[in-house]
Amino acid sequence: MEIQQLRAFLSVAQTKNFTKSAELMFISQSTVTMRIKALEQALGKQLFERDNRQVLLTTTGKELLDYAKRIIELVDEGSRKVGMEETFEDSLVIGSLHSLWDYLLFPIMKEFQAKHPRTALRFITGHSWDIVQHILDGMIDFGVVLIPPTHSEIEVLPFKKEEIKLVTNADSNFTNEVDLANLSESPYIHMDWGPSYKQWFEENVGKETHSLMVDHASLYIQYLLSDHFLGLLPSVIADTFIQRGELVSLPFRSKTKPPIIQSYIIYPKRKLESIKRLLEHMLQA
């Protein structure tokens, strides 16, 4: 297999059209066709089913898709790192969740970059399992996640612990203690903050579907700030807006004790030396 063959394969898999793929790749359609045929010959398998209307992946094509994406990403990342050697002493790729970037990691990374201006940083956002997979693929050097992996090649260290707070808009009329057993009767907006939180929430509130559910912290905050919703937030996020006077914390009652939201630092064990300065900085933050 050759890299250009895999790039053509990914393009056709995405566009489902040889002509459009050729346009996007700035090559002729015959070149795209030739690369796909060469790849199929190398594998001894057909990757696409073609007719006059569409191009669809075969079972083999579907199996190859994720591997091809990871190979291309790894090659591109390697090229990027090599290209930085003349300008920077080092480069690190750091991955984490939207919520952690927005309200926890931004000031920490900003301070680290100020201390180490000759270290190039690249930030990647994804779910915990995305970050873990990228670390295993060699694309990410350092991650912060909410769900710790159990893998012999990955080091896992506890990072920050955050308590859960019930909050609402500072202009809201809510002032009394809230019984979480009756939360579904209130203008509540839901977001899942990880496995321990989900278990606790279902034990105290229930598994019912809520009228408004989001999976992005920034969007969650926008709703809480713009209307009289109730929301449950980790303290690292809630305290920022409480101190600004934009949100207020409400007392609440639950059958079981609220969980502590634990984040974890993860990195490939083989890369300890290359991430040592960042690790020390994070553990002191």
Side-chain angles (χ1 to χ4, degrees), residues 1-88 90-98 101-102 109 119-143 145 149 151 153-154 214-219 268 270-271 274:
M1 291 187 289
E2 297 180 2
I3 293 299
Q4 294 306 326
Q5 294 170 359
L6 290 175
R7 291 190 190 280
F9 167 71
L10 288 179
S11 181
V12 175
Q14 182 178 14
T15 63
K16 299 179 175 61
N17 187 289
F18 278 74
T19 302
K20 191 169 184 179
S21 291
E23 292 172 356
L24 292 172
M25 298 180 72
F26 300 102
I27 57 178
S28 67
Q29 181 179 336
S30 61
T31 300
V32 173
T33 301
M34 179 184 67
R35 290 177 180 177
I36 295 298
K37 285 184 177 179
L39 182 58
E40 289 178 328
Q41 288 174 0
L43 295 171
K45 298 279 188 177
Q46 185 177 341
L47 299 174
F48 294 101
E49 295 177 351
R50 308 164 178 83
D51 60 34
N52 295 328
R53 292 180 300 173
Q54 59 184 348
V55 179
L56 299 175
L57 287 167
T58 62
T59 301
T60 300
K62 292 176 182 177
E63 291 176 353
L64 177 64
L65 187 60
D66 285 341
Y67 292 102
K69 287 178 181 178
R70 287 155 64 182
I71 289 169
I72 295 300
E73 287 174 346
L74 191 56
V75 168
D76 290 345
E77 182 61 26
S79 298
R80 187 190 67 82
K81 282 203 170 188
V82 170
M84 287 185 173
E85 286 183 348
E86 295 181 0
T87 308
F88 298 97
D90 192 14
S91 66
L92 294 174
V93 181
I94 303 160
S96 191
L97 290 70
H98 276 290
W101 277 127
D102 290 345
M109 293 303 168
T119 297
L121 301 178
R122 182 184 176 198
F123 300 142
I124 291 179
T125 301
H127 294 290
S128 290
W129 54 86
D130 297 325
I131 305 305
V132 172
Q133 186 59 62
H134 284 322
I135 281 182
L136 292 173
D137 290 341
M139 287 183 57
I140 289 181
D141 305 305
F142 191 95
V145 298
H151 196 285
E153 297 178 13
I154 298 179
V214 301
D215 67 351
H216 193 295
S218 294
L219 179 59
R270 67 181 186 279
K271 291 190 176 182
S274 62

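Heads up: numbering here begins at 1 and tracks the sequence. What you see below is based on every heavy atom in this structure, not just the backbone, and it leaves out hydrogens, waters and symmetry mates.
- Here the closest non-hydrogen pair linking Asp90 and Ser274 is OD2-O, 3.7 Å.
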Inset, instruction - Go through the steps to decide whether Leu64 and Leu39 satisfy the test side-chain contact (heavy atoms from CB on, under 4.5 Å), and finish with yes or no. - result: CA-CA 11 Å; Leu64 177 64; Leu39 182 58; 4.3 Å; yes
Inset, instruction - Kindly indicate, with the supporting measurements, whether the criterion side-chain contact (heavy atoms from CB on, under 4.5 Å) is fulfilled by Ile3 and Ile72. - result: CA-CA 7 Å; Ile3 293 299; Ile72 295 300; 3.9 Å; yes
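- Considering CD of Gln46 and CD1 of Ile36, their distance stands at 11.5 Å, rounded to 0.5 Å.
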Atom pairs and distances, donor-acceptor, side-chain atoms in residues 22-31, under 3.5 Å, two or more places apart:
unit_1: Ser28; atom_1: OG; unit_2: Ser30; atom_2: OG; d: 3.0
unit_1: Ser28; atom_1: OG; unit_2: Thr31; atom_2: N; d: 3.2
unit_1: Ser28; atom_1: OG; unit_2: Thr31; atom_2: OG1; d: 2.7
unit_1: Gln29; atom_1: OE1; unit_2: Thr19; atom_2: OG1; d: 2.8

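- Across all non-hydrogen atoms, the minimal contact from Lys271 to Ile140 is NZ-O, 4.3 Å.
- Counting all heavy atoms, side chain and backbone alike, Pro268 lies closest to Ile135 at CG-CG2, 3.6 Å.
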Inset, instruction - Show your reasoning for whether side-chain contact (heavy atoms from CB on, under 4.5 Å) applies to Ser128 and Leu97. - result: CA-CA 7 Å; Ser128 290; Leu97 290 70; 3.7 Å; yes
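- Here NE2 of His216 is found 7.5 Å from OG1 of Thr125. Values are rounded to the nearest 0.5 Å.
- At least one side-chain heavy atom of Leu65 sits less than 4.5 Å from a side-chain heavy atom of Leu10.
- Summarising the geometry, atom CD belonging to Gln4 is positioned 10.5 Å from atom CE belonging to Met34; distances are rounded to the nearest 0.5 Å.
- Taking the side-chain contact (heavy atoms from CB on, under 4.5 Å) definition, one finds that Leu56 meets it with Lys16, Gln54, sequence neighbours left out.
- The ring-ring contact (aromatic ring centres under 6.0 Å, His included) pairs that include a residue from residues 27-49 are Phe9-Phe48, where partners are two or more places apart or lie in different chains.
- Nearest heavy atom pair, residue Thr15 against residue Ser21, reads OG1-OG, 2.7 Å.
- Annotation: side chain to side chain donor-acceptor pair (under 3.5 Å) contacts involving residues 58-71, sequence neighbours excluded, comprise Arg70-Asp137.
- Taking the side-chain contact (heavy atoms from CB on, under 4.5 Å) definition, one finds that His151 meets it with Leu136, Glu153, Ile154, sequence neighbours left out.
- Within the structure, ring-ring contact (aromatic ring centres under 6.0 Å, His included) contacts touching residues 121-140 (residues at least two apart or in different chains) are Trp101-Phe123, His127-Trp129.
- Closest approach of Ala8 and Arg35 over heavy atoms only: CB-CB, 4.0 Å.
- Side-chain atoms of Ser11 never come within 3.5 Å of backbone atoms of Arg7 as a donor-acceptor pair (strictly under, hydrogens ignored).
- How far CG of Asp141 is from CD1 of Ile94: 8.0 Å, rounded to the nearest 0.5 Å.
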